[in-house]
Number of protein chains: 2
Amino acid sequence: MSAMLDNSTDPQAACYNIAAVERDTGLSKDTLRVWERRYGFPKPRRDHHDERLYSLPDLEKLRLLRLLIDQGHRPGKIINRSTTELSQLISARAPEQSTPPEIAVIIEMLLLHDVDRFRNALLQALMKQGLLRFVTETVAGLNHWIGEAWLAGRVQVFDEHLYSEHIQNILRNAIIAQPGRGSGPRVLLTSLPGEKHRIGLLMVEAVLCAEGAACVALGTETPIIDIKDAVPAYRADVVALSFSSAIPQAAALAGLAELRTLLPEGIEVWGGGGALARARKTAPGVLLLRSFDDLRYALERWRVEHAMR
Amino acid sequence: MSAMLDNSTDPQAACYNIAAVERDTGLSKDTLRVWERRYGFPKPRRDHHDERLYSLPDLEKLRLLRLLIDQGHRPGKIINRSTTELSQLISARAPEQSTPPEIAVIIEMLLLHDVDRFRNALLQALMKQGLLRFVTETVAGLNHWIGEAWLAGRVQVFDEHLYSEHIQNILRNAIIAQPGRGSGPRVLLTSLPGEKHRIGLLMVEAVLCAEGAACVALGTETPIIDIKDAVPAYRADVVALSFSSAIPQAAALAGLAELRTLLPEGIEVWGGGGALARARKTAPGVLLLRSFDDLRYALERWRVEHAMR
DNA sequence: CGCGCTCATTTGTCTTGGACATATCTGGGA
DNA sequence: TCCCAGATATGTCCAAGACAAATGAGCGCG
């Protein structure tokens with residue numbers, strides 16, 4: 001099938017075929033070929049059958065390019081700069097602001113790669129603050145810090161992975177530990193295809209559970225049509241969608257509007273997350289939640305309105 | 001970039017572009033095109049610019065084909081049979097062996113969309129069986145059942161989403177509850193880009209924790225180079241990768257081999273999961289784990305070998 | 001000065017048909 | 001029965017062209 005292990009000729013100049021580069025950089029084969037055609041980079045050497053063999057330096061530069069493009073740079077503007085220039089571009093970012101001590105401790109342990117103490121620092125913050133404050137202050141602050149540090153290149157990929165896993169462990173643990181539902185609505189909670197961020201979703205779930213709502217969490221990336229079918233199946237009163245700031249605001253609003261048209265009048269649609277935090281406009285029939293306080297108000301409002309009936 | 005909602009024209013005859021089919025079936029664009037050229041299937045209609053638009057029935061048949069091919073059938077032999085014939089081939093293979101009562105109860109609650117009882121049934125099975133048996137018997141059995149039922153259309157998308165979320169909640173809860181590490185190796189646990197299945201990874205993590213190993217979980221889709229950098233940072237002794245059956249076996253072996261060349265001799269590389277469960281060949285310097293028993297055996301062997309030094 | 005519109009450019013994805021390496025099957029000989 | 005060689009099946013790669021979606025620039029208007 002695939003010819004991997006391409007460093008058969010020269011052990012120190014390991015070679016990667018186009019499939020390996022696609023996997024390691026996230027750039028599609030088509031993109032790699034069209035960059036070579038248009039910009040002259042990367043220009044890999046070829047094996048005996050004219051198939052591309054990328055060098056390790058090329059692979060590293062491609063990963064830097066990918067990072068910068070994700071941050072908003074245009075490929076054509078940066079592709080012909082040197083690797084060192086690209087590194088400087090990454091580290092040239094505004095320094096962080098003062099962080100509260102709880103957050104600073106957690107970050108320190110993460111950067112020291114001390115897994116056990118990192119876990120304990122998180123658990124300690126949770127115990128000290130309680131679930132609600134932990135989520136709305138500490139986790140939100142950590143997310144923000146990690147996002148900034150990631151852009152500045154001060155955090156490595158695996159640090160972010162480890163962070164995400166442990167936050168998930170702790171939030172899911174807290175969610176399970178919640179007592180049964182109270183008087184709130186049944187909230188169907190998920191995100192639309194393209195939105196892969198799970199932590200925001202779990203934060204909302206934790207807050208909802210802590211406030212006594214019954215949460216039906218479907219994880220990320222549920223197609224709209226399946227959300228429509230899930231609402232009657234689980235007898236949901238509200239559908240809540242999360243949009244991270246990776247999603248364009250217009251796309252988030254469009255998704256909410258489309259879902260709104262598919263659902264009956266009595267079902268409420270809520271939207272929140274980074275993409276909508278600064279939204280001016282709203283969608284008709286959709287409730288935008290710009291903060292966790294908004295979320296709690298919305299819950300309270302729902303309770304008041306439905307207690308009368 | 002990515003065309004998400006493709007069913008803009010006709011709601012009932014939803015259309016999928018080639019990228020969506022690749023994502024949903026795991027068959028590469030190249031494969032889809034070459035099948036059309038060679039076998040005449042699938043033969044999608046084209047949009048105004050001659051781009052392929054696959055129908056939902058085609059997509060479903062492609063999924064069946066993918067499953068049968070993974071089971072050992074040859075594409076050329078089955079590609080021109082009808083969808084019903086293919087379904088029969090699938091159900092003929094697995095005579096729906098009797099499911100144990102623990103599993104049957106859980107499945108029943110899932111299909112009834114009774115979230116609370118579903119959760120309770122899972123928790124009860126965990127309490128009754130203990131973590132190890134729960135993971136290796138109940139969760140493994142449920143995964144298998146869900147996979148089969150999904151192909152047979154007996155399970156809806158949102159059922160699967162809900163299932164995945166709750167299994168994650170419970171496994172992560174169990175993982176956190178484990179006492180500190182024992183005498184085992186530090187195992188770095190993750191999957192390669194393209195492998196999005198989290199449950200298998202969590203199952204492994206649960207077993208490792210239960211057996212006293214120190215687990216450093218990085219979640220899914222860690223690029224190989226970042227795995228290489230993570231090993232010294234976390235002082236890992238072993239890197240374990242999980243490959244679900246959605247991944248081609250060759251790709252899994254190639255990834256393992258590449259990682260092997262990047263890591264120093266002293267670091268072990270383990271691979272497991274559905275993609276490798278039936279692998280005949282292995283990769284040099286890589287330990288293939290074809291079952292959870294293999295995993296426990298590997299742990300034991302590591303302990304013996306490293307106790308002597 | 002900000003806002004929205006239009007037009008130009010950039011950039012990623014899709015197209016075709018050919019080529020070939022590797023996996024798998026088949027048949028023959030020890 | 002086992003193993004090897006040749007035939008077949010199958011997936012991946014290549015080339016250059018085309019175009020649509022995303023982005024940026026220019027411009028008029030309140």
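Predicted, not measured: the structure shown is a model, and the values here were computed from it.
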Would you please name every residue forming a side chain to side chain donor-acceptor pair (under 3.5 Å) with Arg46(A), sequence neighbours left out?
Glu36(A)
Is any side-chain heavy atom of Trp270(B) closer than 4.5 Å to a side-chain heavy atom of Leu241(B)?
no
Round to the nearest Å and state the distance from Asn17(A) atom CG to dC13(D) atom P.
6 Å
Send over the distance from Tyr16(A) OH to dT12(D) C1', rounded to a whole Å.
20 Å
Spacing between Asp70(A) atom CG and dT23(D) atom C1', to the nearest angstrom
15 Å
Suppose we screen for salt bridge (charged side-chain N to carboxylate O under 4.0 Å, His left out). Which residues come up paired with Asp50(A), at least two apart in sequence or across chains?
none
Are any side-chain N or O atoms of Glu85(A) and backbone N or O atoms of Ser82(A), one a donor and one an acceptor, separated by less than 3.5 Å?
yes
With respect to the phosphate group of dT12(D), does any side-chain polar atom (N or O) of Ser28(B) fall under 4.0 Å of OP1 or OP2?
yes
Okay, side chain of Ser87(B), backbone of Thr83(B): is any donor-acceptor separation there less than 3.5 Å?
yes
Using whole Å, report how far CG of Leu53(B) lies from C1' of dC14(C).
12 Å
Mind calculating the distance between CD1 (Ile18(B)) and C1' (dT16(C)) to the nearest angstrom?
12 Å
Sorted by chain and number, sequence neighbours left out, side chain to side chain donor-acceptor pair (under 3.5 Å) with Arg260(A) holds for none
With sequence neighbours left out, write down each residue that passes salt bridge (charged side-chain N to carboxylate O under 4.0 Å, His left out) with Asp24(B), or none if nothing qualifies.
none
Each nucleotide N or O in nucleotides 17-20 of chain C that has a protein N or O under 3.5 Å away: list the pair and distance.
| residue | atom | partner | partner atom | Å |
| --- | --- | --- | --- | --- |
| dG17(C) | N7 | Arg37(B) | NH2 | 3.2 |
| dG18(C) | N7 | Arg37(B) | NH1 | 2.9 |
| dG18(C) | O6 | Arg37(B) | NH2 | 3.4 |

Terminal axis angle for the helix from dC1(C)-dG30(D) to dA30(C)-dT1(D), five pairs an end, nearest 10 degrees
40°
Quick one: is Arg33(A) getting a side-chain N or O under 4.0 Å of the dA15(D) phosphate, OP1 or OP2?
no
Taking only Lys NZ, Arg NE, NH1 and NH2, and the carboxylate oxygens of Asp or Glu, determine whether Asp226(B) and Arg63(A) approach each other closer than 4.0 Å.
yes
Between the main-chain N or O of Val21(B) and the side-chain N or O of Lys29(B), is there a donor-acceptor pair closer than 3.5 Å?
no
Looking at Arg52(B), I'd like to know whether one of its side-chain N or O atoms comes within less than 4.0 Å of OP1 or OP2 on dC14(C).
no
Considering heavy-atom distances to DNA chain D, does Gly72(A) or Ile69(B) have its closest nucleotide positioned more toward the 5' end?
Ile69(B)
Tyr39(B) vs dT10(D): side-chain N/O to OP1/OP2 distance below 4.0 Å
yes
Tell me: CH2 of Trp35(B) to P of dT16(C), nearest whole Å?
18 Å
Separation of atom CG in Asn80(B) from atom P in dA9(D), rounded to whole Å
14 Å
Phosphate OP1/OP2 of dA15(D) contacted by Arg46(A) side-chain N/O (<4.0 Å):
yes
Phosphate OP1/OP2 of dT10(D) contacted by Thr31(B) side-chain N/O (<4.0 Å)
no
May I ask you to verify if any side-chain N or O of Lys29(B) is less than 4.0 angstrom from the OP1 or OP2 atom of dT13(C)?
no
In whole angstroms, the gap separating C1' of dT24(C) from CZ of Arg74(B) amounts to 5 Å
Glu221(B) side chain to Pro223(B) backbone, donor-acceptor under 3.5 Å:
no
